[in-house]
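The next block holds one structure in the form of structure tokens; read it before the comments.
Treat the numbers as computed from the prediction; the structure is a model and nothing was measured. Every number for a ligand or one of its atoms is a count from 1 in the order of the listing. When reading the values below, keep in mind they use all heavy atoms of this one structure, side chains included, and skip hydrogens, waters and symmetry mates.
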Amino acid sequence: MDNTNNVSNINKKKIILSGIQPSGNLNIGTYFGAIKNWVNLQNDYINYFCVVDMHAITVRQEPAQLRRRSLEVAATYIACGIDPGICTLFIQSHVPAHAQLSWVLSCYSMFGELSRMTQFKEKSEQHTDNINAGLFTYPVLMAADILIYNAHLVPVGADQKQHLELARDIAVRFNSVYGDVFTIPEPYIPKDGAKIYSLQEPDKKMSKSDSANENSSVFIMDKKDDIIRKFKRAVTDSEAEVRFAGGKDGINNLMSIYSCATGKNFDETEKEFAGRGYGDFKLAVGEAVAEVLAPIQKRFYELMDNKDVLEKILRDGADKAAYAANKTLSKVYKKIGFLQI
Ligand code: TYM
């Protein structure tokens with residue numbers, strides 16, 4: 001275990017924070033767009049990774065399922081290679097300071113800017129019967145998650161860029177009134193895998209809460225046969241040439257996934273599949289993805305068989321996170337004039 005979060009390094013290293021909602025089974029978009037990059041960055045930063053259960057309840061969740069998924073998402077982080085020895089892993093609701101800071105920040109967030117968030121617009125369209133206030137203020141809680149640890153870098157997929165920009169705006173606004181309270185965070189959006197698209201509708205994001213068509217998403221825990229079948233059924237185009245180009249959303253998406261899974265660039269892939277049909281290519285993508293996921297799945301099931309160990313990691317993580325978060329919160333409370341006795 002690399003104990004790089006120790007005192008001698010703590011002053012030199014910058015801080016990362018990121019999180020995932022336990023609102024559905026995690027798919028390869030979440031892996032390639034987010035978790036894989038956390039793993040690659042973790043040795044060079046002080047790391048906070050949380051399971052954002054408070055964000056998940058902006059859409060109705062079944063309580064037992066939310067509990068189970070929260071633990072599964074934490075296990076998935078570790079199974080994907082997040083090292084709890086150097087990363088603080090925790091469940092968002094276990095650190096109440098996030099909600100406390102979120103309230104303060106909501107008083108520094110404007111109705112107009114929240115109304116412009118595309119995720120809010122999309123989710124309001126999907127859940128017309130439940131356009132709740134939490135859905136609207138969701139990005140403020142996300143800003144609190146980030147700013148409370150003074151994170152420098154936030155590794156996320158491209159869909160979270162707008163929320164990140166809002167977090168920066170809120171931080172700048174707050175700092176302009178009270179001095180340098182918050183670090184202004186930067187997004188880290190990967191070159192490959194920033195947006196993995198649905199296999200059935202390759203102009204739409206692959207989404208973990210999309211249950212309409214089970215062939216749209218490849219889940220991290222899918223069995224090899226299912227992975228191959230889903231890729232075989234992936235929507236492509238009427239050509240037969242594996243080539244990254246306009247009008248070939250399906251093939252472009254498969255090429256991106258192949259690149260994420262194998263490290264091969266588009267030129268290499270085009271050469272590898274020159275003169276071969278889409279069938280061969282789809283099979284190769286499926287096999288490459290299955291190969292990446294196999295060791296993750298094995299570790300996941302081992303971890304889920306050791307829930308006590310997992311819970312201890314999360315309890316320790318919440319303690320460490322709360323310590324750092326409370327420091328920022330009390331600074332904020334002082335700055336804004338809350339009476340301290
Ligand atoms: P969430 O739970 O929707 O997604 C988790 C992470 O996975 C990325 N992602 C994708 N990347 C590429 N292609 C895809 N198809 C794909 N689907 C998901 C997301 O960009 C994200 O990085 N609001 C956040 C959770 C959050 C958060 C935070 C993130 C709450 N607080 C603080 C960072 C920092 C969300 O809904 O992610």
Assess the residue pair Arg233 and Leu199 against the criterion (side chain to side chain contact (heavy atoms under 4.5 Å, CB included)); give the C-alpha distance rounded to whole Å, side-chain angles, the decisive distance to 0.1 Å, and a yes or no. CA-CA 8 Å; Arg233 295 194 183 160; Leu199 298 188; over 6 Å; no

Glu201 versus Ser216, side-chain donor and acceptor atoms under 3.5 Å: no

Taking non-hydrogen atoms within less than 4.0 Å of ligand 1, which protein residues qualify? Leu17, Ser18, Gly19, Ile20, Gln21, Gly29, Thr30, Gly33, Ala34, Val52, His55, Tyr138, Met142, Asp145, Ile146, Val154, Val156, Gly157, Asp159, Gln160, Gly193, Ala194, Lys195, Ile196, Lys205, Met206, Lys208

With sequence neighbours left out, which residue pairs that include part of residues 321-341 fulfil the side chain to side chain donor-acceptor pair (under 3.5 Å) condition? none

Under the 4.5 Å side-chain heavy-atom rule for ILVMFWY, direct or indirect, which residues accompany Leu339? Ile341

Got a list of side-chain donor-acceptor pairs under 3.5 Å for residues 177-191, not counting sequence neighbours?
from, atom 1, to, atom 2, distance (Å)
Tyr178, OH, Tyr108, OH, 2.6
Thr183, OG1, Asn150, OD1, 3.4
Glu186, OE2, Arg168, NH1, 3.3

With Cys87 as partner, the option from Ile82, Ile313, Ile46 fulfilling side-chain contact (heavy atoms from CB on, under 4.5 Å) is Ile82

